[in-house]
Student: 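Dropping the structure in here first, questions after.
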Amino acid sequence: MVSIPGGMWMDNRFYFGFNTSEERKKRRKAELYSMSEQVSTFFWDEAPQHGLEMREGQQDMSFEIVDALINDQHFAIEAGVGIGKSFGYLVPVLLYSKRMNKPVIIATSTIALQEQLWRDVHAVMPLLGLNRDVILAKGQTHYLCNKRADEYMCDPKADPPDAIKEGIKQGYEERKDFPEVLPQGVWDKVNVQRFSMKNCGSCEKKCKYYKVRAALKFTDGVVLCNQDFLTQHLMKLRRGQEGLINAAADLLVVDEAHNLDDKVRSATTERFGQGMLFGMIKSAFYELRSFDQSSVSGEKREAESAIIAFYNCLKAQVQKQINEAEQDMRYADRFFFDNNGSAIELLTEMNAAIHNLSSSIQIYSSMDFRNNRSFAASDDLDAVSESLSELLDRIDDMLIWIEQHGSNTELVYCPKNTKEIVSRLYFNGDERTILTSATLTNATSGSLEEQYSYFISNTGFPAGDRGCLSEPKPSPYPYDEHAMIYYCDDLPHPTREHDAFIEKGVERLLEILSISNGKALVLFTAKTDMEEVYSILSEKNLPYKILMQQPGSSQDKVLNEFKEDTNSVLLGTGAYWEGISIEGKSLSNVIIFRLPFPVPDPIIEYKCSVAKDALMDVRVPEMIIKLKQGIGRLIRNFTDTGIVCIIDRRLRDEPPERYHDITWDSLPIKNRTSSLDELRKFYEGLPSPRNDDTNSSLFGNIEQPPKKRQSENGGVSCCTMKICTKKNNI
């Protein structure tokens with residue numbers, strides 16, 4: 001940067017030192033118009049020179065992002081599988097970072113996409129002639145904490161496995177560096193937890209995560225993080241605090257944006273478990289080792305007694321719901337909190353007891369003049385008391401539920417107004433936000449506001465002058481030539497006649513598996529259903545292996561086994577609906593073992609309570625989005641082929657349910673049948689899928705790139721969006 005009288009040069013562009021706000025806006029818009037020329041030139045002239053053939057939806061997406069930036073708007077787009085949405089937004093976003101000399105932030109909801117984007121960014125930058133810094137900021141638990149690792153290795157009671165010893169010796173710093181055989185329980189003893197720049201800054205051995213967090217404050221390049229981290233950054237900024245990332249970043253990209261409201265809700269959620277509270281008390285009590293601990297032993301007993309009483313009440317509520325529910329809730333993620341009985345009184349007593357203990361410990365801790373020590377554990381207890389007091393004061397504004405993990409029960413709560421929080425964080429600041437996913441819409445007809453209605457209702461996206469909705473970009477894959485959906489019309493109802501449904505459903509499942517000779521992913525909405533079906537199938541002498549999703553976060557082992565054993569069948573739930581991508585013949589049959597309507601859940605029930613039509617405004621949109629995600633597991637490239645089978649009578653044609661038409665219209669595969677004979681004939685006539693995709697490239701492939709569109713004034717128009725009221729020429 002070189003200063004000159006009256007102004008300065010920055011990144012080869014001249015800015016006057018006393019520009020008005022209006023002049024700065026004009027200069028910014030001029031830069032964006034120039035950038036749009038660069039985007040157009042790249043897609044229409046330069047990309048073909050690299051041997052790349054374009055997908056129309058991809059380049060339209062890029063042009064529309066530029067238009068939204070020019071019009072100073074937020075932007076949301078559903079981009080179907082296969083259009084190359086990552087490259088669709090990376091081209092304008094990387095150019096924006098370079099031209100404005102500012103960092104840009106790209107947030108996802110899965111580590112797999114973060115790592116894929118790392119590769120994508122480094123593939124795109126050379127094509128654009130760019131060289132920006134790129135920081136991959138994974139969650140803290142993915143990194144090794146050198147201090148905790150040293151403590152674990154030196155603990156005489158521990159028996160560290162050879163994998164952790166060798167990894168530390170080799171200087172490994174991330175979980176992915178260590179062998180898969182390393183138990184998760186061992187990794188949890190050595191990874192980064194409760195990171196803070198202040199406390200971790202005094203650590204002699206600076207871990208990789210510390211270096212990443214430090215670099216984020218000053219980067220002017222590309223930050224790849226998860227939605228939780230970006231949300232925490234924005235929360236700090238909105239409170240007037242220093243953010244986690246360079247505050248100059250004013251362009252945000254949220255990929256997998258259908259998860260955004262859940263991620264923001266998670267970021268505003270507090271949870272307190274019985275074991276966690278006992279652990280805090282134990283640590284705080286230990287801090288008094290230089291005093292007579294009996295001085296607070298009475299308060300300690302009272303606090304522990306109050307905690308036990310409250311959590312016994314929660315456990316009784318959980319058990320009552322398990323016993324009385326119409327469907328099996330043994331593996332439910334969340335249970336309802338009943339505040340009409342003694343629970344609130346017990347919570348109040350527990351909070352008072354924790355507060356008394358914390359105050360007493362802090363009084364005695366402050367007397368320790370001999371040691372300049374911090375008393376973090378007693379501070380933690382005080383923070384618990386403050387949080388519980390806030391909960392009790394605002395209980396009508398809070399959504400409260402219970403979670404059970406093994407023998408441990410947790411009290412969990414968050415503000416009810418998640419929609420307003422998302423809106424304040426992502427749409428009411430100086431930043432502009434681009435949101436994309438393969439499943440943002442819940443309908444295919446009506447206005448764009450109607451098609452994106454459920455997404456808008458969850459996030460408060462400001463469709464109109466401040467926010468631009470794009471026409472959904474359909475997948476270019478030849479779905480109807482390569483795939484067919486089979487649906488049932490003759491099975492028992494999956495919830496009202498559950499036992500009969502399982503029996504008949506397994507019989508139908510076996511008929512379907514005989515068509516594809518295995519090669520199937522079977523998706524469940526309930527873990528109990530999955531385990532019951534697995535048990536039945538395992539007892540049969542089937543000509544293919546039956547695999548089941550394994551407990552824990554890493555599924556690499558079972559997924560690799562499924563890929564390698566071509567005819568095997570894999571049963572899964574949860575993340576399997578959207579978290580896996582398997583190309584080729586190993587996955588030629590996706591079976592939906594009942595429609596993915598949301599199970600009874602405090603969050604869903606709250607959404608239903610404030611909706612005009614709970615079924616059509618909440619339950620059906622939730623089901624459609626998840627169903628689209630599940631069906632999306634089948635066709636992953638241009639040569640993939642196969643069938644989708646929905647073992648659920650609720651999509652039958654006669655008599656139709658209220659959601660019949662909107663559900664079928666929303667699915668990418670229109671070719672459907674209720675005849676197993678027709679399904680078999682179609683499957684046997686399919687070309688064999690390949691495990692390679694010879695037609696794919698960085699940007700995709702269609703026979704010919706679309707022609708440039710001329711505007712009324714003879715220039716090239718970037719987009720033809722319905723919602724955007726302005727049309728820009730470049």
Student: Could you walk me through whether Asp255 and Lys85 pass the salt bridge (Lys or Arg N to Asp or Glu O under 4.0 Å) test, one step at a time?
Tutor: CA-CA 9 Å; Asp255 204 335; Lys85 64 181 171 65; 2.5 Å; yes
Student: Looking at Tyr452 and Ser470, would you say the former's side chain and the latter's main chain have a donor-acceptor pair under 3.5 Å?
Tutor: yes
Student: Any side-chain heavy-atom pair from Arg650 and Pro494 closer than 4.5 angstrom?
Tutor: yes
Student: Within the 4.5 Å heavy-atom criterion, are Gln274 and Thr409 side-chain neighbours or not?
Tutor: no
Student: Determine whether Val254 and Thr433 make a side-chain contact, defined as any pair of heavy atoms from C-beta on separated by less than 4.5 Å.
Tutor: yes
Student: Could you measure the distance from the CG atom of Leu314 to the CD1 atom of Ile402? Nearest 0.5 Å is fine.
Tutor: 4.5 Å
Student: Quick check against the 3.5 Å criterion: does Ser423 have a side-chain atom that pairs as donor or acceptor with the backbone of Lys419?
Tutor: no
Student: Would you mind reporting whether Trp401 and Ile603 have side-chain heavy atoms less than 4.5 Å apart?
Tutor: yes
Student: So, does Glu678 use its side chain to make a donor-acceptor pair with the main chain of Thr673 at under 3.5 Å?
Tutor: no
Student: Which atom names give the shortest non-hydrogen contact between Gly446 and Gln451, and what distance separates them?
Tutor: O-NE2, 3.1 Å
Student: Determine whether a donor-acceptor pair (N or O, by modelled atom type, separation under 3.5 Å) exists between the side chain of Ser475 and the backbone of Gly80.
Tutor: no
Student: Going by the salt bridge (charged side-chain N to carboxylate O under 4.0 Å, His left out) test, which pairs reach into residues 598-612, not counting sequence neighbours?
Tutor: Asp261-Lys607, Arg334-Asp601, Glu605-Arg619, Lys607-Glu622
Student: If you take all heavy atoms of Asn458 and Val422, which pair is closest and at what distance?
Tutor: O-CG2, 4.4 Å
Student: Any salt bridge between Glu410 and Arg271, counting N to O under 4.0 Å?
Tutor: yes
Student: Count the heavy atoms of every other residue, nucleotide or ligand shown that sit under 6.0 Å from CZ of Arg496, and state whether that count exceeds 12.
Tutor: no
Student: Go through the steps to decide whether Val506 and Glu532 satisfy the test side-chain contact (heavy atoms from CB on, under 4.5 Å), and finish with yes or no.
Tutor: CA-CA 10 Å; Val506 170; Glu532 187 172 356; over 6 Å; no
Student: Flag the pair Lys263 and Glu256 as a salt bridge only when some basic side-chain nitrogen lies within less than 4.0 angstrom of an acidic carboxylate oxygen.
Tutor: no
Student: Has the side chain of Arg636 got a donor or acceptor atom that lies under 3.5 Å from a matching backbone atom of Gly632?
Tutor: yes
Student: Applying salt bridge (Lys or Arg N to Asp or Glu O under 4.0 Å), can you list everything that pairs with Asp661, at least two apart in sequence or on another chain?
Tutor: none
Student: Backbone N or O of Ser437 within a donor-acceptor pair of the His258 side chain at under 3.5 Å?
Tutor: no
Student: Is it true that Asp640 and His482 share a donor-acceptor pair across their side chains at a distance under 3.5 Å?
Tutor: no
Student: Apply salt bridge (Lys or Arg N to Asp or Glu O under 4.0 Å) to Asp262 and list each qualifying residue two or more places apart in sequence or on a separate chain.
Tutor: Arg265
Student: Please tell me whether Arg466 and Asn428 have a donor and an acceptor in their side chains that are separated by less than 3.5 angstrom.
Tutor: yes
Student: Closest heavy-atom contact between Tyr96 and Leu69?
Tutor: CD1-CD1, 4.0 Å
Student: Between Tyr606 and Phe336, is the ring centroid distance below 6.0 Å?
Tutor: no
Student: Do Met530 and Phe593 have side chains that approach each other closer than 4.5 Å (heavy atoms only, starting at C-beta)?
Tutor: no
Student: Between Lys628 and Thr439, what is the shortest heavy-atom contact and its length?
Tutor: CB-CG2, 3.7 Å
Student: Testing the basics here: between Ser666 and Thr444, what is the closest heavy-atom pair and its distance to 0.1 Å?
Tutor: CA-CG2, 3.7 Å
Student: In terms of the angle between their ring planes, are His498 and Phe501 parallel, tilted or perpendicular, with boundaries placed at 30° and 60°?
Tutor: tilted
Student: Within the distance-only criterion (no hydrogens, no angle test), does the side chain of Asn417 pair as donor or acceptor with the backbone N or O of Glu420 below 3.5 angstrom?
Tutor: no
Student: Any chance NZ of Lys320 has more than 12 other-residue heavy atoms, nucleotides or ligands included, within less than 6.0 Å?
Tutor: no
Student: Would Ile625 and Tyr454 count as a side-chain contact (heavy atoms from CB on, under 4.5 Å) here? Give the steps.
Tutor: CA-CA 10 Å; Ile625 289 172; Tyr454 191 60; 4.0 Å; yes
Student: Measure up the Tyr487 and Trp664 rings against each other and bin them: parallel (under 30°), tilted (30 to 60°), perpendicular (over 60°).
Tutor: perpendicular
Student: Please check this pair: side chain of Asp250 against backbone of Asp430, looking for a donor-acceptor N/O pair closer than 3.5 Å.
Tutor: no
Student: Would you please test Leu491 and Asp648 for side-chain contact (heavy atoms from CB on, under 4.5 Å) and show each step?
Tutor: CA-CA 7 Å; Leu491 292 181; Asp648 194 321; over 6 Å; no
Student: Can you measure from CD1 (Ile662) to CD (Glu657) and round to the nearest 0.5 angstrom?
Tutor: 14.0 Å
Student: Can Thr525 and Arg594 be counted as having a side-chain donor-acceptor contact under 3.5 angstrom?
Tutor: yes
Student: Answer yes or no: is there a donor N or O on one side and an acceptor on the other, between the side chain of Asn351 and the main chain of Leu388, under 3.5 Å?
Tutor: no
Student: Out of curiosity, Asp228 CG to Thr108 OG1, how far, rounded to the nearest 0.5 Å?
Tutor: 9.5 Å
Student: Measure the shortest side-chain to side-chain distance between Leu237 and Glu431 over non-hydrogen atoms and say whether it is less than 4.5 angstrom.
Tutor: yes
Student: Could you report the tightest heavy-atom contact between Glu578 and Gln629, atom names first, then the distance?
Tutor: CB-OE1, 3.1 Å
Student: Can the ring centres of Phe272 and Phe310 be said to be less than 6.0 Å apart?
Tutor: no
Student: With no hydrogens and no angle check, is any side-chain donor or acceptor of Gln73 less than 3.5 Å from a backbone partner on Gly464?
Tutor: yes
Student: From the options Leu627, Leu651, Leu521, Ile485, select the one residue that forms a side chain to side chain contact (heavy atoms under 4.5 Å, CB included) with Ile592.
Tutor: Leu627
